[in-house]
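As structure tokens, the structure follows; a few thoughts come after it.
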Number of protein chains: 2
Amino acid sequence: MDAAAIREKLEATGLRCTPQRYTVMSFLMAHHDHPTAAEIFAAVNTADPRLSRATTYNNLRDLVEAGLVREVATEGRAARYDATGEQHHHFICDRCGKMEDIPWHPVPSPTANALGKRVVRECELIIRGLCTQCAPHRRTTPKPPTSKPSNHRSHN
Amino acid sequence: MDAAAIREKLEATGLRCTPQRYTVMSFLMAHHDHPTAAEIFAAVNTADPRLSRATTYNNLRDLVEAGLVREVATEGRAARYDATGEQHHHFICDRCGKMEDIPWHPVPSPTANALGKRVVRECELIIRGLCTQCAPHRRTTPKPPTSKPSNHRSHN
DNA sequence: ATGCCAACTTAGATTATGTCTAAGGTGAGA
DNA sequence: TCTCACCTTAGACATAATCTAAGTTGGCAT
């Protein structure tokens, strides 16, 4: 997506297209691996050292409120973001914690009975299991290369 | 579930049934509202002041690793826990952020094609929308009583 | 029975993540 | 050209989680 399109997207929601905001939005649209706020900050701050941490967080919040970006639900402590393009499901690896996108397919909503007066906007699937890299190992060595540290209580 | 049953559950996974661990497990089995680690600590520490914060976190991690407890995926920053009893889906309110359980119903796994070599353990639904309390309001006042603070950049 | 050792607990320090404060910059429209 | 709302910023602060180093406990080998 080109610059003008991003600008339009932002302005359509009432947000000014500042250089900082543009940079954050543009980064998110180019990275579909659910970066954390810290990762986004590191990347955009390297690209443009003017961009401060507070601004990164402010802009992420603004973009989420505007509906241009979503905060994905994960077990980790750091919030992860995703420029809402096409909808997709998520796969979370039990062993390495990695989160991957799974192509969208519609899922059945619970019965009206189970939902009561709740109003449903969307239904997303969280699939758990072993990712392509971890599946062959099954339950051998505890953790693969880059992952959640997970250093249990290794004690002394 | 009585004390002996909890003890057996713990010992079946190789964990000692210490008073502290028992207290944490027992609390989680009695509360199905996805308490945060901080809430769990506050509750168990009040019940038994010997129980320290580090121990609460250590035990939660041990229980999760043992598969007796799960850490639920949420957008919030604090991890939330759930004693794995019967499976259920989750509903997250867009407006107040509350997470509620939805009775289980089986959901279709994605096609083998979309999954590749991944091994699926379970599929959980995350349903988003407006909860019973928030639905009537639709998009009127920004937030209900007890919720995510959400105090945007209110500035000066 | 005793001593060992791994599992466990603990208080407090430390790290990681996110938010707030107070000040200043920017630009569209009066 | 003034103004005011919107925006950015550095750094202080708050919150959530983990680590450290020391002590406790209990099963078990001797």
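Just so it is clear: chains get the letters A, B, ... in the order the sequence lines come, proteins before strands, and each one is counted from 1.
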Atom pair distance, as rounded to whole Å: [atom1] in [X] and [atom2] in [N]:
X: Asp62(A); N: dT9(D); atom1: CG; atom2: P; result: 13 Å
X: Tyr22(A); N: dT8(D); atom1: OH; atom2: C1'; result: 19 Å
X: Leu60(B); N: dT18(D); atom1: CG; atom2: P; result: 10 Å
X: Arg61(B); N: dC8(C); atom1: CZ; atom2: C1'; result: 12 Å
X: Glu71(B); N: dA16(D); atom1: CD; atom2: P; result: 14 Å
X: Gln20(B); N: dG23(D); atom1: CD; atom2: P; result: 18 Å
X: Leu15(B); N: dC8(C); atom1: CG; atom2: C1'; result: 11 Å
X: Arg50(A); N: dA10(D); atom1: CZ; atom2: C1'; result: 16 Å

### Task
Tell me which nucleotide among dT10(C), dG18(C), dA17(D) gets nearest to the side chain of Ala79(B).
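Closest nucleotide to the Ala79(B) side chain: dA17(D).
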
### Query
To the nearest 0.5 Å, how far apart are OG in Ser52(A) and CG in Asn45(A)?
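It is 8.0 Å, given to the nearest 0.5 Å.
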
### Summary
By nearest-heavy-atom nucleotide on DNA chain C, the more 5' of Gly14(B) and Arg16(A) is Gly14(B)

### Message
Return whichever of Thr56(B) or Tyr57(A) has its heavy-atom-nearest nucleotide of DNA chain C closer to the 5' end.
### Response
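Upstream on the strand: Thr56(B).
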
### Query
Any ring pair (Phe, Tyr, Trp, His ring centres under 6.0 Å) pairs touching residues 99-130 of chain B, not counting sequence neighbours?
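Pairs touching residues 99-130 of chain B that pass the test: His89(B)-Trp104(B), His89(B)-His105(B).
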
### Task
Can you run down the ring pair (Phe, Tyr, Trp, His ring centres under 6.0 Å) pairs that involve residues 38-72 of chain A, sequence neighbours left out, and say none if there aren't any?
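For residues 38-72 of chain A, and leaving out neighbouring residues, there are no ring pair (Phe, Tyr, Trp, His ring centres under 6.0 Å) pairs at all.
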
#### Entry: Carboxylate-amine/guanidinium proximity below 4.0 Å for Glu11(B) and Arg7(B)
yes

Would you tabulate the pairs of protein nitrogen or oxygen atoms and nucleotide nitrogen or oxygen atoms of nucleotides 12-15 of chain C closer than 3.5 angstrom?
{"unit_1": "dA13(C)", "atom_1": "N6", "unit_2": "Arg53(B)", "atom_2": "NH2", "d": "3.1"}

### Parallel, tilted or perpendicular: rings of His90(B) and His88(B) (30°, 60°)
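Correct class here is perpendicular.
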
Tell me whether the side-chain N/O atoms of [X] come closer than 4.0 Å to OP1 or OP2 in [N].
X: Arg77(A); N: dT18(D); answer: yes
X: Asn59(A); N: dT8(D); answer: yes
X: Thr55(B); N: dT10(C); answer: yes
X: Asn58(B); N: dT9(C); answer: no

### Message
Taking any heavy-atom pair under 4.0 Å as a contact, classify Thr18(B): base, sugar-phosphate, or nothing.
### Response
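Contact class for Thr18(B): sugar-phosphate only.
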
### Task
For a side chain to side chain contact (heavy atoms under 4.5 Å, CB included) with Val44(B), tell me which candidate from Leu28(B), Thr55(B), Thr56(B) qualifies.
Thr56(B)

### Task
Give me the one residue out of Thr13(A), Val69(A), Leu15(A) that meets side chain to side chain contact (heavy atoms under 4.5 Å, CB included) with Asp62(A).
Leu15(A)

